[in-house]
Amino acid sequence: MKSIQSTPGAVFLCDDAGVVSQFLHNKIGLTESDLLGHPLPQIFAGTSMPKALSFLVELRTEGTAFGWEMGLTISGETILIHLMGVVLDEKLLIMLARTDKAVHILFDEMMRINSEQVSRLRSVTKSRIELERSAPEFENKRFDDLTRLNNEMAGLQRELSRKNIELERLNVEIHALAITDPLTGLLNRRGFFDLSNRELERSLRFKGHLAGVMFDLDH
């Protein structure tokens, strides 16, 4: 994969549902931590999301997807990127780059086949898709696939939201355990100093008085 190292683009794997699972190459500025574990269409928010869903449907149903272009926002800037994908061992290999040439370089290197084979594969895929698109039932099938995929993505988003709420609840519990004595239920040393610092800051902010009282409970 020598030639891919300097190629401006990205290569990553998604599971069959289109959820990003692993980055293999990232020279385009994507924030990997923000994308891992999220459905592919979420990368293309806004008007490009329906197009990304169509790309994902074509990839899953045809096994390959070539010649796609859509807007992608990176660091606040929306750019036009070229996209292609192929199904490998029940995973989706996605390649994207700013130019058509760059995305083809990524594809050729990842597939490890020569240009003639790549061209033939693209030609056969394009012909098959165009033939299928001429059939009356194609649009109905594509709509059904889009609907199913959209429902799957909505389910993933709901599950992610549920997990985030559960994580927030656990964080609150962990914080409470960290500042509370388990035997008495009172604040421990850490909790006492946290509370004291807040009250001291409040006193200084409002120019009020602050007093402390200590009891020796042991004796």
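Nothing here was measured: the structure is a model prediction, and the numbers come from that model. Just so you know, these numbers use all the heavy atoms, side chains as well, and skip hydrogens, waters and symmetry mates.
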Colleague: Are any side-chain N or O atoms of Thr61 and backbone N or O atoms of Val57, one a donor and one an acceptor, separated by less than 3.5 Å?
Modeller: yes

Colleague: Between atom CD1 of Ile179 and atom CD1 of Ile174, what is the distance when rounded to the nearest 0.5 Å?
Modeller: 13.0 Å

Colleague: Of the options Arg162, Lys163, Arg169, which is the one that meets Glu166 in a side chain to side chain donor-acceptor pair (under 3.5 Å)?
Modeller: Arg169

Colleague: Please give me the minimum heavy-atom distance between Gly71 and Ser48, naming the atom from each residue.
Modeller: N-OG, 3.2 Å

Colleague: Less than 4.5 Å apart, side chain to side chain, heavy atoms only: is that true for Leu195 and Arg198?
Modeller: yes

Colleague: So, taking the atom named CG in Leu30 and the one named NE2 in His25, what distance separates them when rounded to the nearest 0.5 Å?
Modeller: 10.5 Å

Colleague: Is it true that a side-chain atom of His175 and a backbone atom of Leu170 form a donor plus acceptor pair closer than 3.5 Å?
Modeller: no

Colleague: Taking CZ in Arg205 as the centre, count heavy atoms belonging to other residues, nucleotides or ligands within less than 6.0 Å. Is the count above 12?
Modeller: yes

Colleague: Might you point out which heavy atoms bring Ala97 and Ala102 nearest each other, and give the distance in Å?
Modeller: CB-CB, 3.6 Å

Colleague: Should the ring pair Phe55 and Trp68 be called parallel, tilted or perpendicular, given that the plane angle runs from 0 to 90° and is split at 30 and 60?
Modeller: perpendicular

Colleague: Could you give the distance from CE (Met95) to CE (Met110), rounded to the nearest 0.5 Å?
Modeller: 7.0 Å

Colleague: Considering all heavy atoms of both residues, which atom of Asp100 and which atom of His82 are nearest to each other, and what is their separation?
Modeller: N-CD2, 3.5 Å

Colleague: A side-chain contact here means heavy atoms from C-beta on lying under 4.5 Å apart; do Ile43 and Leu96 qualify?
Modeller: no

Colleague: Quick one, Val11 and Phe23 - any side-chain contact, counting heavy atoms below 4.5 Å?
Modeller: no

Colleague: Using a cut-off of 6.0 Å, state whether more than 12 heavy atoms not belonging to Glu173 lie near its atom CD.
Modeller: yes

Colleague: Is a donor on one side and an acceptor on the other found under 3.5 Å between the side chain of Ser21 and the backbone of Leu13?
Modeller: yes

Colleague: Would you confirm whether Asn188, through its side chain, and Ala178, through its main-chain N or O, come within 3.5 Å as a donor-acceptor pair?
Modeller: yes

Colleague: Walk me through whether Leu56 and Leu92 qualify under side chain to side chain contact (heavy atoms under 4.5 Å, CB included).
Modeller: CA-CA 9 Å; Leu56 198 52; Leu92 312 180; 3.6 Å; yes

Colleague: Are the side chain of Thr31 and the backbone N or O of Asp34 linked by a donor-acceptor pair below 3.5 Å?
Modeller: no

Colleague: State yes or no: do Leu72 and Leu80 share one hydrophobic cluster built from I, L, V, M, F, W and Y residues joined by side-chain heavy-atom distances below 4.5 Å, directly or via other members?
Modeller: no

Colleague: I'd like to know whether Cys14 forms a side chain to side chain contact (heavy atoms under 4.5 Å, CB included) with Val20, so could you lay out the CA-CA distance, the side-chain angles of the two residues, the decisive distance to 0.1 Å, and finally the verdict.
Modeller: CA-CA 4 Å; Cys14 296; Val20 181; 4.0 Å; yes

Colleague: Would you check if Val86 and Phe107 make a side-chain contact, meaning some heavy-atom pair closer than 4.5 Å?
Modeller: yes

Colleague: Which heavy-atom pair separates Met70 from Leu83 by the least distance, and what is that distance?
Modeller: CE-CD2, 3.7 Å

Colleague: Decide yes or no for Ile94 and Leu59: does some side-chain heavy atom of the first lie under 4.5 Å from some side-chain heavy atom of the second?
Modeller: yes

Colleague: Does Arg60 reach the main-chain N or O of Asp16 with its side chain, forming a donor-acceptor pair under 3.5 Å?
Modeller: yes

Colleague: Rounded at 0.5 Å granularity, tell me how far CG in Asn26 sits from CD1 in Ile28.
Modeller: 8.0 Å

Colleague: Can you find a heavy atom in the side chain of Pro41 that is under 4.5 Å from one in the side chain of Leu53?
Modeller: yes

Colleague: Report yes if the side chains of Val87 and Leu93 come closer than 4.5 Å at any heavy-atom pair, otherwise no.
Modeller: no

Colleague: When you measure from the side chain of Ser203 to the backbone of Glu199, do you find a donor-acceptor pair of N or O atoms at a distance under 3.5 Å?
Modeller: no

Colleague: Rounded to the nearest 0.5 Å, what's the gap from OG on Ser33 to NE2 on His38? Could you check?
Modeller: 9.0 Å

Colleague: Could you measure the distance from the CE atom of Met49 to the CG atom of Leu40? Nearest 0.5 Å is fine.
Modeller: 10.0 Å

